[in-house]
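Read the structure below first, then the notes.
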Number of protein chains: 2
Amino acid sequence: MVRPQSSKPYHHGELREALVSAGRRLLEERGIRGFTLRECARRASVSHAAPAHHFASLDDLLAEIATRGYQELTAAMESEAQRVADNAAARLVAHGVGYMAFAAANPVLFQLMFSREANRFETPNLFAAAKAAYHLVVAAVGAVIPKAPAEVKQRMVDFTWASIHGFITLVLEGQIGEGDTPRALKSRGMAMLAAVVETVVRTGGDP
Amino acid sequence: MVRPQSSKPYHHGELREALVSAGRRLLEERGIRGFTLRECARRASVSHAAPAHHFASLDDLLAEIATRGYQELTAAMESEAQRVADNAAARLVAHGVGYMAFAAANPVLFQLMFSREANRFETPNLFAAAKAAYHLVVAAVGAVIPKAPAEVKQRMVDFTWASIHGFITLVLEGQIGEGDTPRALKSRGMAMLAAVVETVVRTGGDP
DNA sequence: AAATGTAACTTGCCAGCGTCTAGTTTATGC
DNA sequence: GCATAAACTAGACGCTGGCAAGTTACATTT
């Protein structure tokens, strides 16, 4: 039997990828509570039960999406850092810029990645992807204060990461700079970054 | 007709409060995605449709719970600050301690309060409660650097709030100090706070 | 090249969800 | 005491995630 060109094949072929991609868009459109497996299936033009062959559960799909988010976050930080690869402090600032840019471009995904829900997924891939992003921060901070003792380094990592993460989180939730223009907001972010890096340099250099 | 003592009255009497209180416990037990109106009703021993007479929707109940969360957060910061009311820097640290203590005691509620979902509720009470907490931080930072220009003050508020918020958020998600004892974690938090306040003092005093 | 096994997909079902409508019970205000 | 409003119950709707059973297409082996 010849299959007419307009009819779709029984096997999708790349359903897994299609679900991840549809899910990501759905997530940004409707938020975490509006995310449903059936809508993902609908957008991929398959039946509501098809996703089960690629993801064990809704949480499993969310975990995959979050994992890719961490990989992209890492890539965004690295990509920004490569553009200013002259000195360690500038690279640390660039990492922060990449971090914030990713969060601003994918606000719901970012929230999912750092939510308690995601923490319960407990998949090894997600864990590894998150660790990779973390180690990038550790390395970048370490490069700024190479001679500081390990304890100081760790505290400066805490401090740096917390400041950047907290700032962009509060911005995305509208708690900081609600009436600001994007331009003014970016300026506030850069001021934050400058203050953070300056504190790291001063604390790490000082014994 | 005499009502036997063991049967419950038709009217609950304090259903609104009972739903808020049950909802709060449910939220911490099952997370945001496990929160359901029907389970709240069950725990308050009323029918599944009873909550509709007190809350227009599930989001409406969540908004009320989040609003109370902000009020408690404000109270927690004030209460800590009162215990060390000698100088401005110590009070700012105390505010931070109260902030983190509240978050640690109510992790899911804290996440709800600062989530995009909550931001969409748009109820005036929630907005006002959040602003009250914010102004506490503004006042505390302002007291530390009274002579600084407004712009510096605002940037130091951004910086302070972001650092504290980011730190406790990352801790609650297990991203910071996963293997640490509670004692070690608290020490890392206090180190963060010290670094933040020191930066505020230095930046605000310096022209 | 044919048969067989397996993976990808569909349809149909279940209980649970939020919300709406309609009806019942109790409290309140005149 | 009586009308009216408020608080609650019961039932229904369309949606959800997940499970079971059946269908289709591909892959592998002989």
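Each chain gets a letter, A, B and so on, in the order its sequence line appears, and its residues count up from 1.
- The distance from atom CZ of A/Arg30 to atom C1' of D/dC15 is 12 Å, rounded to the nearest whole Å.
- Here A/His54 lies in heavy-atom contact (under 4.0 Å) with sugar-phosphate atoms only.
- Rounded to whole Å, the distance from CG on B/Leu62 to P on C/dG18 is 10 Å.
- Of the side-chain N and O atoms in B/Arg42, one or more sit less than 4.0 angstrom from OP1 or OP2 of C/dC17.
- For CZ of B/Phe127, the number of neighbouring non-hydrogen atoms (other residues, nucleotides, ligands) closer than 6.0 Å is 12 at most.
- No salt bridge links A/Arg120 with A/Asp59; every basic N to acidic carboxylate O contact stays at or beyond 4.0 Å.
- OP1 or OP2 of C/dT11 has not a single side-chain nitrogen or oxygen of A/Ser47 nearer than 4.0 Å.
- Distance CD (B/Glu14) to P (D/dA7): 13 Å, rounded to an integer number of Å.
- Residue whose closest nucleotide on DNA chain D sits further toward the 5' end, between B/Arg38 and A/Asp59: B/Arg38.
- A/Leu58 places its CG atom 14 Å from the C1' atom of D/dC15, with the value rounded to the nearest Å.
- Regarding A/Glu17, its CD atom lies at a distance of 16 Å from the C1' atom of C/dA8, rounded to whole Å.
- With D/dG18, C/dC9, C/dC20 as the candidates, the nucleotide lying closest to the side chain of A/Ala50 is C/dC9.
- Relative orientation of the A/Phe159 and B/Phe159 rings is perpendicular, given thresholds of 30° and 60° on the angle between their planes.
- In this structure, A/His53 and A/Thr36 both approach DNA chain D, and ranking their closest nucleotides by distance from the 5' end singles out A/Thr36.
- With rounding to whole Å, A/Leu15 atom CG is found 13 Å from C/dT10 atom C1'.
- B/Ser187 and A/Arg155 share a donor-acceptor pair across their side chains, judged by distance under 3.5 Å alone.
- Between the CZ atom of B/Arg33 and the C1' atom of D/dG18 there is a distance of 14 Å, given to the nearest Å.
- Rounded to whole Å, the distance from CG on A/Leu37 to C1' on C/dC17 is 16 Å.
- Looking at A/Arg24 and A/Glu28, no side-chain N of the basic residue comes within less than 4.0 Å of a carboxylate O on the acidic one, giving no salt bridge.
- Contact annotation: side chain of B/His48 to base of C/dG16, donor-acceptor pair absent below 3.5 Å.
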